[in-house]
Amino acid sequence: THVQDIGWQGYVKDGSTAGTTGQSKRLEAIRIKLSNNTSYKGTLQYQTHIQDIGWQGWKMNDDTSGTSGQSKRLEAIRIKLTDELAENYDIYYRVHAQEFGWLGWAKNGESAGTEGYSYRLEAIQIQLVKKGSSAPGSTNNCFYKR
């Protein structure tokens, strides 16, 4: 993640937190990639909802989603898998949003975060699980829209 006043952080994996909590710093951009090569065909795709821009187009495989040098906050994100990856895995993700804190886990392209509140995303956690396995935690209240 690209964090306000910090810049690009190193990659994290397996549900670890990217970004910050308790520091009131906005996420400005994100790059996501699959770290383990599998024999499954498919890609990981993601899009972000950006301050004053709205939903940006879908990105994939470590492309940057968001902005850099514009001081614009990410407000929401969607992440999904395609092809054989989507047939064999679910991708879960949850965000830490201004005023709300940690929201519930979204999956497979659902929106996570806020829209219409002007609240910043501060952190994100992402987990890949075998298709049909349990969510890493509560899936309630993963997205708020005004």
Side-chain angles (χ1 to χ4, degrees), residues 1-4 6 8-36 38 40-68 70 72-146:
T1 54
H2 189 277
V3 180
Q4 172 187 352
I6 295 173
W8 284 106
Q9 295 182 311
Y11 285 98
V12 299
K13 61 182 183 177
D14 300 330
S16 295
T17 301
T20 62
T21 58
Q23 297 183 42
S24 300
K25 295 189 183 299
R26 69 183 167 268
L27 294 185
E28 297 178 350
I30 189 168
R31 294 192 314 241
I32 309 171
K33 65 181 178 178
L34 292 171
S35 59
N36 294 334
T38 72
Y40 296 121
K41 290 186 171 106
T43 59
L44 180 144
Q45 299 181 352
Y46 45 98
Q47 68 176 164
T48 54
H49 189 277
I50 305 162
Q51 171 186 355
D52 300 328
I53 294 173
W55 286 104
Q56 196 175 47
W58 288 95
K59 306 291 183 175
M60 59 191 276
N61 300 336
D62 210 27
D63 288 338
T64 299
S65 184
T67 62
S68 185
Q70 297 184 45
K72 294 189 181 297
R73 69 184 166 265
L74 297 186
E75 298 176 343
I77 190 167
R78 297 172 178 146
I79 308 172
K80 66 182 180 179
L81 302 169
T82 66
D83 304 317
E84 290 178 352
L85 281 171
E87 293 167 15
N88 290 278
Y89 292 97
D90 289 317
I91 189 156
Y92 282 92
Y93 43 98
R94 71 175 185 158
V95 298
H96 190 279
Q98 176 184 354
E99 302 300 328
F100 286 107
W102 285 109
L103 301 181
W105 290 88
K107 78 171 186 177
N108 300 340
E110 295 173 343
S111 298
T114 66
E115 188 177 333
Y117 283 83
S118 298
Y119 289 169
R120 67 185 168 266
L121 293 189
E122 298 177 353
I124 186 169
Q125 295 174 332
I126 304 170
Q127 276 194 313
L128 204 61
V129 301
K130 286 281 189 194
K131 193 74 168 178
S133 296
S134 299
S138 172
T139 56
N140 294 333
N141 304 317
C142 62
F143 184 67
Y144 291 90
K145 182 175 180 175
R146 277 190 179 157

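For the numbers below, each heavy atom of this structure counts, side chains included, while hydrogens, waters and symmetry mates do not.
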Steps toward side chain to side chain contact (heavy atoms under 4.5 Å, CB included) verdict (Tyr40, Glu87) = CA-CA 9 Å; Tyr40 296 121; Glu87 293 167 15; over 6 Å; no

inquiry  = Show, in sequence, the C-alpha distance, side-chain angles and deciding distance for Tyr93 and Gln127, and conclude whether the side chain to side chain contact (heavy atoms under 4.5 Å, CB included) test is met.
reply    = CA-CA 6 Å; Tyr93 43 98; Gln127 276 194 313; over 6 Å; no

task = Could you walk me through whether Thr1 and Gln9 pass the side chain to side chain donor-acceptor pair (under 3.5 Å) test, one step at a time?
result = CA-CA 6 Å; Thr1 54; Gln9 295 182 311; 2.8 Å; yes

query = So Gln47 and Trp55, side chain to side chain contact (heavy atoms under 4.5 Å, CB included) or not? Walk me through it.
reply = CA-CA 7 Å; Gln47 68 176 164; Trp55 286 104; 3.8 Å; yes

ask   = Where do Leu34 and Leu85 land on the side chain to side chain contact (heavy atoms under 4.5 Å, CB included) test, with the steps shown first?
value = CA-CA 11 Å; Leu34 292 171; Leu85 281 171; 3.5 Å; yes

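In terms of modelled atom types and a separation under 3.5 Å, the side chain of Asp90 and the main chain of Gly132 share a donor-acceptor contact. Without hydrogens or angle criteria, Thr48 side chain to Ile50 main chain gives no donor-acceptor distance under 3.5 Å. At distances below 3.5 Å, not a single donor-acceptor pair connects side-chain atoms of Thr139 with backbone N or O atoms of Trp105. No donor-acceptor pair under 3.5 Å is formed between the side chain of Lys59 and the backbone N or O of Gln45. Formation of a donor-acceptor pair under 3.5 Å by the Gln70 side chain with backbone atoms of Thr67 is not found in this model. The backbone N or O of Gly42 sits nowhere less than 3.5 Å from a side-chain atom of Glu84 that would complete a donor-acceptor pair. Gln51 contributes no side-chain N or O that, together with a main-chain N or O of Lys72, makes up a donor-acceptor pair within less than 3.5 Å. A donor-acceptor pair is defined here as one N or O able to donate and one able to accept, closer than 3.5 Å; such a pair exists between the side chain of Gln56 and the backbone of Gly66.
Atom NZ of Lys145 sits about 8.0 Å away from atom OG of Ser111, to the nearest 0.5 Å. The distance from the CD1 atom of Ile32 to the CD1 atom of Ile91 is 7.0 Å, given to the nearest 0.5 Å. Once rounded to the nearest 0.5 Å, the distance linking CD of Gln4 with CZ of Arg26 reads 3.5 Å. With rounding to the nearest 0.5 angstrom, the CD1 atom of Ile77 is 6.5 Å from the OG atom of Ser65. Separating the CG atom in Leu81 from the NZ atom in Lys131 is a distance of 8.0 Å, to the nearest 0.5 Å. Remark: Leu44 CG to Met60 CE distance equals 9.0 Å, nearest 0.5 Å.
Closest approach of Leu121 and Ala97 over heavy atoms only: CD2-CB, 4.4 Å. Here the closest heavy-atom approach between residue Tyr46 and residue Ile79 is recorded as CB-CG1, 4.1 Å. Summarising the geometry of Cys142 relative to Gly104, their closest heavy-atom pair is CB-O, 3.2 Å, with the distance given to 0.1 Å. Heavy atoms only, all atoms of each residue included: Gly22 and Glu122 are closest at N-OE1, 4.4 Å. For the residue pair Thr21 and Ala123, the shortest heavy atom distance occurs at CG2-CB, 4.0 Å. Closest non-hydrogen pair, Trp8 versus Ala29, comes out as CH2-CB, 3.8 Å.
Looking at heavy atoms from C-beta onward, Val129 lies in side-chain contact with Tyr92 at the 4.5 angstrom threshold. Taking the side chain as every heavy atom from C-beta outward, Thr20 and Leu27 never approach each other to under 4.5 Å. Side-chain contact between Pro136 and Arg94 is absent, with no heavy-atom pair separated by less than 4.5 Å.
Of the N and O atoms on the side chains of Thr17 and Gln125, at least one donor lies less than 3.5 Å from an acceptor on the other residue.
Look at Asp62 and Arg31 and you find a salt bridge, because one of the NZ, NE, NH1 or NH2 atoms lies within 4.0 Å of a carboxylate O, short of that distance.
In terms of the salt bridge (Lys or Arg N to Asp or Glu O under 4.0 Å) criterion, Asp63 has no residue partners (sequence neighbours excluded). Here Tyr119 pairs with Phe100, Tyr117 under the ring-ring contact (aromatic ring centres under 6.0 Å, His included) rule; sequence neighbours left out. Scanning for salt bridge (Lys or Arg N to Asp or Glu O under 4.0 Å) contacts around Asp14 gives an empty result, with sequence neighbours left out.
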